[in-house]
Amino acid sequence: MAETPAYQGKATMEKITALAKRRGFVFQSSEIYGGQSGAWDYGPLGAALKNRIAANWWREMTQLEDDIVGLDAAILMHPRTWEASGHVENFTDPLVDCKKCKARFRADQMPEESLVEKKCPECGGELTDTRRFNLMFKTYIGAVEDEANTVYLRPETAQGIYVNYKNIIQSNRMKIPFGIAQIGKAFRNEIVTRNFIFRTCEFEQMEMQFFVKPGTDEEWFKRWKERRWAYYERLGVAPARLRWHRHGPGELAHYAKDAYDIEYLFPMGWRELEGVHNRSDYDLSRHGEYSGKDLRYIDQENANERYTPYIIETSAGLTRTLLMLLCEAYDEEKITDKDGSDDWRTVLRFHPVVAPITVAVLPLMKKDGLPEIAREVRRELRADFSTDYDHAGAIGRRYRRQDEAGTPFCVTVDYETKENRTVTLRFRDSMEQTRVGIADLPGRIGAEIRAYPPPAPSPTVP
Ligand code: ATP
């Protein structure tokens with residue numbers, strides 16, 4: 001295995017959390033009431049970033065692939081779904097409590113000696129025995145709170161895909177191999193929510209289930225592993241901060257034939273980002289059994305051969321990807337001001353395809369007709385790009401604000417613009433500036449996005 005690269009240490013969870021709040025990426029849920037643990041709200045920049053990550057994943061999965069279609073299934077599903085999937089029985093975490101300080105731990109994530117000695121790692125108090133705790137949120141539909149009306153908030157989006165697999169084959173004439181992609185909310189009653197938005201009770205997933213003929217599953221598994229790794233590289237994530245983790249026999253989920261996680265080196269260490277799983281024919285066999293419906297595939301091109309497809313799953317957290325990209329993009333850089341003095345800037349080096357704002361348009365001065373021209377330039381750009389407009393404060397300060405929001409391009413309207421309809425195009429990463437005609441701006445920015453990342457490695461890459 002490759003040696004663990006030293007983390008640059010520029011992004012700490014404290015810095016990321018503070019920046020996220022200061023700039024309106026992520027706020028604590030219900031903050032005015034003291035906050036709600038396990039839930040977070042996404043402000044203007046965060047909502048835009050989340051939507052752009054989702055749109056980029058959706059494009060990669062559905063638009064750029066021949067055989068993957070999309071789905072948007074309901075969060076509430078028939079409760080039998082969760083019996084068939086094994087969640088009612090198996091979706092548990094081992095839980096221990098401290099009798100003294102009431103702290104709660106996941107037994108599989110605490111130091112071995114604390115468990116053996118039954119001693120709280122925080123206060124030294126006595127720990128309870130380990131017990132299994134089901135992570136599904138249970139509620140009731142209708143006015144009567146009884147077992148017959150039980151529903152669960154889905155703990156993963158995947159099951160919505162499995163129960164619709166037959167509908168999609170019939171309505172869209174899909175032929176195996178094919179995939180179904182879905183983005184949506186999932187809920188887990190996590191015992192410990194820590195590290196900002198890394199592990200939360202309400203989160204979003206981007207899942208794709210690929211249905212294949214048994215016997216071809218290992219080949220497809222390999223192919224999807226490669227594609228998912230390449231996806232992160234395309235987003236500009238340094239390969240040195242990505243690694244594979246294969247599930248050992250004790251770790252393998254009840255449904256899995258083989259499973260790998262893509263892990264990312266977060267400031268708190270290596271953690272799972274996405275799971276790529278060979279789920280065998282477990283899911284469709286179980287749903288067939290529990291629903292009484294024949295979910296086997298009929299291969300019309302092969303003498304109507306019937307079989308239960310194997311499923312290769314790629315399961316990424318959308319909100320966890322957002323945290324990863326904040327950490328990956330975060331940089332602090334020493335720069336020299338015009339007067340020769342040293343200064344620092346905080347910059348989020350987002351890939352332009354996910355940056356919340358692609359272009360900010362800034363009039364050099366708040367007078368002499370420059371704001372009017374800047375607004376006109378913005379109007380011309382906004383059909384194609386997400387834009388911002390800012391006229392408050394010195395131009396250098398405004399550039400810093402945009403750097404901190406991760407905006408890859410700034411357009412400055414100055415006095416020369418009035419003479420020859422050209423503007424300054426400033427690049428976030430290099431801080432270089434060049435003159436471009438207003439009419440050429442959309443084409444130029446589009447070309448810059450397609451050519452990104454620039455050939456020189458980002459200074460944050462170890
Ligand atoms: P863990 O073992 O860390 O609880 P998991 O292996 O159960 O996670 P999966 O069920 O494979 O996770 O979920 C797929 C993806 O969904 C994860 O890789 C992660 O990105 C995301 N995810 C899972 N649980 C959470 C959560 N509580 N908060 C945020 N994202 C999550």
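- The aromatic ring centroids of H351 and Y452 lie less than 6.0 Å from each other.
- A side-chain donor-acceptor contact under 3.5 Å links T358 and R52.
- Atom CZ of R154 sits about 13.5 Å away from atom OG of S85, to the nearest 0.5 Å.
- Residues W224 and F210 place their aromatic rings such that the two centres sit under 6.0 Å apart.
- Residues Q182 and E207 bring no donor and acceptor atom of their side chains to less than 3.5 Å of each other.
- Applying the salt bridge (Lys or Arg N to Asp or Glu O under 4.0 Å) rule to R194 yields no partners; only residues at least two apart in sequence or on another chain are considered.
- Between Q36 and S30, the side chains place no donor N or O within less than 3.5 Å of an acceptor N or O (distance only, hydrogens not considered).
- In this structure, a donor-acceptor pair under 3.5 Å is absent between the side chains of H254 and E89.
- There is a side-chain donor-acceptor pair under 3.5 Å between E156 and Q159.
- Under a cutoff of 6.0 Å and an axis angle of 45°, K225 and Y260 form a cation-pi pair.
- Counted by atom type alone, E274 and Y232 present one or more donor-acceptor pairs between their side chains at under 3.5 Å.
- Applying the salt bridge (Lys or Arg N to Asp or Glu O under 4.0 Å) test to E122 and every residue at least two apart in sequence or in another chain returns nothing.
- Residues R227 and Y231 have side chains that never bring a donor and an acceptor to within less than 3.5 angstrom of each other.
- Residues passing the salt bridge (Lys or Arg N to Asp or Glu O under 4.0 Å) test with D258 are R246, sequence neighbours excluded.
- Between the side chains of H78 and E83, no donor N or O sits under 3.5 Å from an acceptor N or O.
- Enclosure of atom CZ in R234 by more than 12 non-hydrogen atoms of other residues, nucleotides or ligands within 6.0 angstrom is indicated.
- Using a 3.5 Å distance cut-off with no hydrogens or angles, the side chains of D388 and Q402 do pair a donor with an acceptor.
- Centroid-to-centroid, the aromatic rings of Y264 and F266 come within less than 6.0 Å.
- Among the candidates L318, V353, T319, the single residue satisfying the side chain to side chain contact (heavy atoms under 4.5 Å, CB included) test with I53 is L318.
- Between W82 and F91, a ring centre-to-centre spacing not shorter than 6.0 Å is recorded.
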